[in-house]
Amino acid sequence: MRYSQFLITTLRDNPAEAEVMSHRLMVRSGMIRKLAAGIYSVLPLGQRVLHKTISIIREEMNRAGALEITLPIVQPAELWLESKRWNAYGKELLRFKDRHDRNFCLGPTHEEVITDLVRNTISSYRQLPLNLYQIHTKFRDEIRPRFGVMRAREFLMKDAYSFDRDEENAERSYQKMYQAYCAIFTRLGLTFRAVEADTGPIGGSFSHEFMVLAETGEDTIVSCTACDYAANLEKAEIGNEVFARNTTSKKRMQRVHTPGKKTVEEVSRFLGVPPSTLIKTLIFETPEGPIAALVRGDHDVNETKLKSILKCAEIFLADEDRIQELTNAPRGFTGPLGLSGIRIIADNALRSGTDYVIGGNEQDVHIMHVCPDIDFHVDIFCDIRCARDGDPCRRCGARLKTSRGIEVGHIFKLGTKYSEAMHATFLDEKGRELPFVMGCYGIGVGRTVAAAIEQLHDEHGIIFPQSIAPFDLVIVPVNSKDAIQMRIAEDLYHEAQRAAIDVILDDRDERPGSKFADADLIGIPVRLTVGKYAVSDKSIDIKVRKTGAVHKVTVDNAIPFVIQQLNAERL
RNA sequence: CGGGAAGUAGCGCAGUCUGGUUAGCGCGCAUGCUUCGGGAGCAUGAAGUCGGGGGUUCAAAUCCCCCCUUCCCGACCA
């Protein structure tokens with residue numbers, strides 16, 4: 001490819017719309033342009049990167065035995081009504097009507113469509129296992145799209161769906177995908193980690209998220225410092241702690257006046273006690289009515305855990321009016337004592353300690369020296385808080401630590417959730433009709449590219465891993481009006497092409513500084529500079545983007561050296 | 001949906017408070033000359049419904065009202 005025949009539209013200034021680095025660099029390098037919030041056009045440079053990413057994903061999916069298909073983006077409501085997700089999915093599902101007034105939606109995911117396809121196509125255990133995948137556009141009407149393609153509304157996703165005859169085989173399919181994902185992200189040159197995760201609205205029994213490690217990631221990962229346990233914060237379980245309680249020296253409860261002190265911080269400062277001796281009482285609305293969730297003042301409630309304990313999809317914090325109605329006090333003074341008709345769920349940590357401060361369910365009143373389960377009733381104790389640095393690991397008891405990541409892939413064991421709801425069955429060798437045991441497996445393609453950039457960049461721009469760089473090599477003639485330099489550059493260009501190197505020749509009549517800056521910004525792994533030394537003593541500079549190292553080689557050795565450099569990185 | 005910020009040439013911004021020549025600057029773009037090892041210099045030029053609608057006024061980018069869009073934080077969410 002010649003620069004003069006390619007469209008590269010780099011920008012010198014950071015776009016005002018972009019805050020995070022990967023977004024800035026994708027816009028500045030000319031990979032993407034925004035059309036509307038969370039909706040992007042992909043330019044030729046970005047398309048090349050996507051292409052290479054997709055190729056790797058496709059190769060590994062095929063290697064794992066999955067078959068590529070294409071499913072429609074526009075989906076009829078009937079299928080979603082069958083799975084009960086037409087109403088359950090929420091506003092992310094963009095619904096609309098066609099000219100005949102029939103309901104449709106844009107597919108945010110494709111479980112319904114694939115299940116429908118398979119139930120009409122597969123009828124025998126002999127046709128299993130089956131894994132079908134596509135790399136296609138999804139639409140999710142996110143409340144707040146952000147960070148460019150990292151959280152877009154319209155985005156490219158690889159989604160795969162496995163169908164098996166039983167749990168055991170489904171487990172095998174799941175493991176195959178797990179391995180394939182590891183292979184994919186390794187080939188993409190990413191530092192990543194697979195973590196246990198909540199299944200969310202997709203449902204199913206078990207899932208892993210693949211996290212690209214990056215400080216700017218939206219997700220918090222909890223991992224063990226000793227064993228290999230790792231989970232999303234939403235899911236991360238806290239190991240058994242020692243719950244010691246000595247009630248012999250317990251003080252009597254005491255009402256205290258706490259005018260205007262509503263937050264944990266205010267109350268703890270006012271009373272001169274540490275936040276860990278306060279109990280936060282949060283009222284949540286659930287489908288079965290309000291519940292009270294109790295955690296220590298220095299802990300945070302984990303709503304995902306709470307949902308899973310309550311076995312419901314939707315809970316939300318009660319608002320000011322509702323709190324007043326239920327507790328006869330404004331927000332900030334809620335406590336478990338005397339709450340009638342409300343289930344009280346307390347975090348395990350509250351099994352320890354006898355001397356807590358709680359809200360008095362009365363304006364400007366708190367109660368001191370309170371012991372859970374003795375001074376007030378607790379319906380159940382369980383793990384409902386977010387894990388923190390230092391908490392014990394569920395598996396081995398060692399300390400947990402937290403870090404940040406970007407979720408680029410998610411694999412689910414779906415079980416028979418969809419196949420049962422939609423009557424997708426096959427006959428086994430004994431003629432029994434059984435529902436497919438399913439799994440589904442997603443990779444956010446654009447997000448993966450963004451995550452790679454987030455992880456691999458410097459002050460000059462993107463440092464693409466060779467596997468997804470838009471070009472392997474850029475050849476820069478310092479002075480494109482110098483016929484001899486240009487001829488050497490052209491010769492090297494052709495030589496590189498013959499060697500199957502994805503090369504671009506910067507034949508623009510630009511100053512060398514601009515060409516270098518663009519090459520760095522775009523993140524081409526290897527740059528070859530043809531200048532006056534190439535003319536005078538056949539010396540070429542080869543610069544490696546990642547390390548910044550400059551190697552001087554002769555014209556004849558240039559391309560072989562480049563090949564060696566690329567092979568060193570190629571996986 | 002709550003809080004905050006912003007919409008002026010392709011991009012980045014000034015001008016708005018305090019209404020008043022022809023709406024500016026940098027980058028980019030076009031043409032010419034010189035230059036060419038880390039974003040060159042000079043000259044000439046093209047490019048603007050000042051986000052949209054309404055209002056106030058002799059006069060509106062500037063003041064008032066309504067709306068739209070975008071970004072950030074939160075709530076929410078693969």
Side-chain angles (χ1 to χ4, degrees), chain A residues 9-20 23-24 27-28 30 33-39 89-93 107-111 138-148 150-153 155-159 197-204 207-211 218-219 232 234 303-304 307 313-317 319-320 406-412 440-448 459-461 476-482 485-486 508-521 527-536 539-541 543 548 550 552:
Chain A
T9 52
T10 53
L11 301 174
R12 253 177 112 148
D13 296 310
N14 275 319
E17 71 190 33
E19 202 73 19
V20 302
H23 186 195
R24 282 182 176 177
V27 176
R28 273 191 63 203
R33 287 288 184 270
K34 185 180 65 183
L35 179 65
I39 300 178
Y89 206 90
K91 289 189 172 173
E92 281 68 45
L93 185 65
T109 174
H110 282 69
E111 282 82 11
K138 295 274 181 285
F139 192 95
R140 295 183 188 173
D141 201 359
E142 293 279 348
I143 298 175
R144 185 150 96 82
R146 54 183 142 178
F147 309 147
M150 196 82 88
R151 179 167 296 279
R153 290 193 293 170
F155 60 100
L156 198 57
M157 185 180 203
K158 187 287 298 175
D159 48 324
D198 184 61
T199 52
I202 304 289
S207 79
H208 279 96
E209 286 170 340
F210 285 76
M211 295 283 192
E218 284 190 274
D219 289 284
N232 192 310
E234 291 182 342
E303 287 190 27
T304 304
K307 281 184 209 170
E314 202 86 31
I315 62 170
F316 50 95
L317 274 170
D319 62 23
E320 189 85 46
I406 300 164
E407 179 197 346
V408 291
H410 201 160
I411 60 178
F412 297 80
C440 78
Y441 317 92
I443 291 177
V445 182
R447 184 185 280 188
T448 300
E459 67 273 25
H460 302 295
V476 178
V478 170
N479 182 351
S480 50
K481 288 223 173 103
D482 183 315
Q485 281 183 27
M486 274 311 283
R508 295 176 298 173
D509 182 18
E510 285 288 338
R511 310 253 319 168
S514 304
K515 298 183 185 180
F516 296 155
D518 276 345
D520 287 349
L521 176 61
R527 189 185 84 205
L528 212 149
T529 310
V530 181
K532 57 190 172 198
Y533 307 118
V535 177
S536 59
S539 169
I540 301 281
D541 281 1
K543 183 160 184 177
V550 177
K552 291 192 181 303

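Computed from a predicted structure; not experimentally measured. Excluded from the calculations below are hydrogen atoms, water molecules and symmetry mates; all remaining heavy atoms, backbone and side chain alike, are included. We name chains A, B, ... by the order of the sequence lines, and we start the count at 1 in each one.
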* To do: Decide whether A:Thr109 and A:Arg140 meet the rule of one side-chain donor and one side-chain acceptor closer than 3.5 Å.
  =>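 Their side chains do not contain a donor-acceptor pair, so the 3.5 Å distance test is not met.
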Using the [atom1] atom in both, what is the distance from [N] to [M], to the nearest Å?
N: B:A43; M: B:C64; atom1: C1'; value: 47 Å
N: B:G51; M: B:U16; atom1: P; value: 15 Å
N: B:G52; M: B:U69; atom1: C1'; value: 10 Å
N: B:G28; M: B:A47; atom1: C1'; value: 12 Å
N: B:G55; M: B:A61; atom1: P; value: 15 Å
N: B:G41; M: B:U35; atom1: P; value: 16 Å
N: B:G7; M: B:G15; atom1: C1'; value: 15 Å
N: B:C29; M: B:G48; atom1: C1'; value: 15 Å

Return the set of residues passing side-chain hydrogen bond (donor to acceptor under 3.5 Å, both in side chains) with [X] (not counting sequence neighbours), or none when no residue passes.
X: A:Arg527; answer: A:Thr529
X: A:Glu19; answer: none
X: A:Lys138; answer: A:His110, A:Asp159
X: A:Asp520; answer: none

* **Nearest-nucleotide 5' precedence on RNA chain B, A:Asn14 against A:Val20** =>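 Looking at RNA chain B, the more 5' nearest nucleotide goes with A:Asn14.
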Using purine N1 to pyrimidine N3 plus N6-O4 or O6-N4 for Watson-Crick, or N1-O2 and O6-N3 for G-U wobble, both under 3.5 Å, which nucleotide pairs with [N]?
N: B:C29; result: B:G45
N: B:G37; result: none
N: B:G24; result: B:C13
N: B:A5; result: B:U70
N: B:U56; result: none

* Asked: Under 4.0 Å between a Lys/Arg side-chain N and an Asp/Glu carboxylate O for A:Arg146 and A:Glu218?
  ->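 Judged by the 4.0 Å cut-off on N to carboxylate O distance, A:Arg146 and A:Glu218 do form a salt bridge.
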* Lys/Arg-Asp/Glu bridge criterion (N-O < 4.0 Å) met for A:Asp518, A:Arg508 ->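 Here A:Asp518 pairs with A:Arg508 in a salt bridge, since their nearest N and O are under 4.0 Å apart.
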* Asked: Quick one: which of B:C73, B:C77, B:C13 gets closest to the side chain of A:Glu142?
  ->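 Output: B:C77.
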* Out of B:C72, B:C13, B:C77, which has the shortest distance to the side chain of A:Arg146? ->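 Selected nucleotide: B:C72.
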Length of the line joining [X]:[atom1] and [N]:[atom2], which is rounded to integer Å:
X: A:Phe316; N: B:C77; atom1: CZ; atom2: P; value: 12 Å
X: A:Arg153; N: B:C71; atom1: CZ; atom2: P; value: 9 Å
X: A:Leu93; N: B:C77; atom1: CG; atom2: P; value: 15 Å
X: A:Ile39; N: B:U70; atom1: CD1; atom2: P; value: 9 Å
X: A:Arg151; N: B:C73; atom1: CZ; atom2: P; value: 12 Å
X: A:Lys34; N: B:U69; atom1: NZ; atom2: P; value: 12 Å
X: A:Leu317; N: B:G2; atom1: CG; atom2: P; value: 18 Å
X: A:Met150; N: B:C71; atom1: CE; atom2: P; value: 15 Å

Hey, does [X] reach any base, or is it just sugar-phosphate, or nothing, if we go heavy atoms under 4.0 Å?
X: A:Glu17; value: sugar-phosphate
X: A:Phe147; value: sugar-phosphate
X: A:Glu303; value: sugar-phosphate

* **A:Arg33 side-chain N/O to B:C11 phosphate OP1/OP2 under 4.0 Å** =>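 No, A:Arg33 has no side-chain N/O under 4.0 Å of OP1/OP2 on B:C11.
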* Asked: Taking only side-chain nitrogens and oxygens of A:Lys91, does any of them come within less than 4.0 Å of OP1 or OP2 of B:A75?
  ->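 It does not, given that no N or O in the side chain of A:Lys91 lies less than 4.0 Å from OP1 or OP2 of B:A75.
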* To do: Taking all heavy atoms of A:His410 and all of A:His208, pick out the closest pair and write down the distance.
  =>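 A:His410 and A:His208 have their closest heavy atoms at CD2-O, 3.1 Å.
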* **Contacts of type ring-ring contact (aromatic ring centres under 6.0 Å, His included), residue A:Tyr441, not counting sequence neighbours** =>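 Partners of A:Tyr441 under the ring-ring contact (aromatic ring centres under 6.0 Å, His included) test: none.
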* Asked: If the sugar-phosphate is the primed atoms plus P, OP1 and OP2 and the base is the rest, what is the B/S/- string for nucleotides 34-50 of chain B, using protein heavy atoms under 4.0 Å?
  -> -BBBBBB----------
